[in-house]
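One structure is given below, encoded as structure tokens.
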2 protein chains.
Amino acid sequence: MNEYSFMIGRTTLPEGDVITAKVKNDKYHRILEAAVTVFAKAGFHESTISQIAKAAGVADGTIYLYFKNKDDILVHFFNFKTRQVFACFHEEVDHAHKAVDKLRNLIKRHLEEFQKDRHMAVLYQAETHRINRLAEEQIREMHKMYLDLIAEIVEQGQVEGAIRRDIYVGLVKRYILGGVDEVINTWLHSERKYDLTSMADPLVDLFIRGIGTQPAAHS
Amino acid sequence: MNEYSFMIGRTTLPEGDVITAKVKNDKYHRILEAAVTVFAKAGFHESTISQIAKAAGVADGTIYLYFKNKDDILVHFFNFKTRQVFACFHEEVDHAHKAVDKLRNLIKRHLEEFQKDRHMAVLYQAETHRINRLAEEQIREMHKMYLDLIAEIVEQGQVEGAIRRDIYVGLVKRYILGGVDEVINTWLHSERKYDLTSMADPLVDLFIRGIGTQPAAHS
DNA sequence: GCTTGATATGAATATCAATTCATTTTCATA
DNA sequence: TATGAAAATGAATTGATATTCATATCAAGC
């Protein structure tokens, strides 16, 4: 229910003055949750303030007591979600010792979190791939955090001797994030009858070993 | 200039009656091209018919002589582009004999085409990752064609002995398309100062060999 | 150069939805 | 229970833009 309680008492957006004093009231969370649900169903532009208000059980005007405008709702959502998701990603990575296990845990958790919160997954997929995206700041931060996490793991793996040294880490991040994203995307567009997390192990296997047969390719 | 001339005389959409008789007029192409440019700049919803009309050098009302409505423009674009792009993908694949070379050619051409037509790339990235996407039919077809192409290559590679047999082809497609997509996405969101096609070889290397060191992993 | 059907125009219409704000309700305090 | 400030309401306002349509232009045959 109270999924956003983490947010209480600290608005990290400098321009979020509007709400500062009111965040403690749970109407803020109700609206945020309702908005994400509505956005995920119909897309951001097709959703109306009235729909969100109705879903949250408040009046249209009330929303403007907690958020500057429609866009601001999405900004708040990503700002919160980025922190929440990455906190758990880091935790997951810390649970393993060897680089490959860290990568496996990260991807497993990634798929798990996105499967658990489909609304977030839908918004994330839609917004990260737009050019003039809303919540640009938050999304850039999210990407950077992922990059840093992967970079850290890859470098450790290189020290361990488990990961090749002749690779460009910047590309490896896209290679991995891309595969994971596409698996999530396919799942979202399917009937979602299968378990997304079951894709983690085969996917990691591909990331590590590739699709080629071992001995052949070695230029 | 006349990039869409391929479309002349054959509207593949059954519901495209509106235009059938008028397709030969180049105003159809002018509007289509202008629309894609405008959409790519600001996003579909933020673009107005007036902007498109202005960019195409026609009156607002003229657009409705060639397209049913705003959505229809995008449908026509994807319908055309899917065919055009895949014609060249197939051609590229046919130029090589060995599976790995086919994959390399495919990816090279993929990056090349998307770099060449950035507007298409922007629309493609945005629309393929939405849940309630416009041109759903066309995009599904595009995905299916890519899947089929990859499946064909992978199966040939398995026969040749160059590609592992213990992989799930459905996943391999997402693994590859995801990596390529993410590389394009990063490029689109960068200043685009680097050559996108230069990513093809390192990327294929990752797809084939993975990031792991060779001898270790072999369960 | 007149006629006619096909094209094109762009101002007017109609709709929709974000935002505002005058009014009402709530509730802590005395 | 009275009071007033804070919170909430939702109808009215405002702005925007997709679509229509009465009118104008064009071009080809006569």
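Reminder, nothing fancy here: chain letters follow the sequence lines and each chain counts from 1.
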| query | Heavy atoms, side chains only, cut-off 4.5 Å: are A:Leu123 and A:Phe44 in contact? | reply |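 No, too far: nothing below the 4.5 Å cut-off.
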
| request: Could you encode protein contacts along nucleotides 12-23 of chain D as a string, one character per nucleotide from 5' to 3', using B for base contact, S for sugar-phosphate-only contact and - for no contact, with a heavy-atom cut-off of under 4.0 Å? | output: -----SSBB---

For [X], all residues meeting side chain to side chain contact (heavy atoms under 4.5 Å, CB included), sequence neighbours excluded:
X	value
A:Tyr168	A:Leu171, A:Arg174
B:Leu147	B:Lys173
A:Ala96	A:Asp101, A:Lys102, A:Asn105

Figure out the [atom1]/[atom2] separation between [X] and [N], and round it to whole Å.
X	N	atom1	atom2	answer
A:Ile31	D:dA7	CD1	C1'	12 Å
A:Tyr28	D:dA8	OH	C1'	19 Å
B:Lys54	C:dT9	NZ	P	15 Å
B:Ile63	C:dT7	CD1	P	17 Å

| message | One pair to check against salt bridge (Lys or Arg N to Asp or Glu O under 4.0 Å): B:Lys81 and B:Asp117. What are the steps and the verdict? | response | CA-CA 11 Å; B:Lys81 207 64 189 184; B:Asp117 191 347; 2.9 Å; yes

| request: Let me see the working for A:Arg140 and A:Glu136 under salt bridge (Lys or Arg N to Asp or Glu O under 4.0 Å), right down to the final yes or no. | output: CA-CA 6 Å; A:Arg140 270 204 187 281; A:Glu136 172 74 21; 3.1 Å; yes

| Is there any side-chain hydrogen bond (donor to acceptor under 3.5 Å, both in side chains) pair reaching into residues 38-47 of chain A, and which pairs are they, with sequence neighbours excluded? |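 For residues 38-47 of chain A: A:His45-B:Glu46, A:Glu46-B:His45.
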
| request: Assess whether salt bridge (Lys or Arg N to Asp or Glu O under 4.0 Å) is satisfied between A:Lys116 and A:Glu113, documenting all intermediate values. | output: CA-CA 5 Å; A:Lys116 200 158 63 186; A:Glu113 290 297 316; 3.2 Å; yes

| query | Any side-chain N or O of A:Tyr66 under 4.0 Å from OP1/OP2 of D:dA7? | reply |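 No, no such contact exists.
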
| A:Lys27 side chain N/O closer than 4.0 Å to the phosphate oxygens (OP1, OP2) of D:dA7? |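 For D:dA7, OP1/OP2 do not have a side-chain N/O of A:Lys27 under 4.0 Å.
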
| message | Just to be sure I understand: a Watson-Crick pair is purine N1 to pyrimidine N3 plus N6-O4 or O6-N4, both under 3.5 Å. Using that and G-U wobbles, which stems of three or more pairs involve DNA chain D? | response |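 Correct response: C:1-30 with D:1-30.
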
| request: Please tell me which of the listed nucleotides, D:dG10, C:dT9, D:dA7, lies nearest to the side chain of A:Ala59? | output: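 Looking only at heavy atoms from C-beta outward on A:Ala59, the closest nucleotide is D:dG10.
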
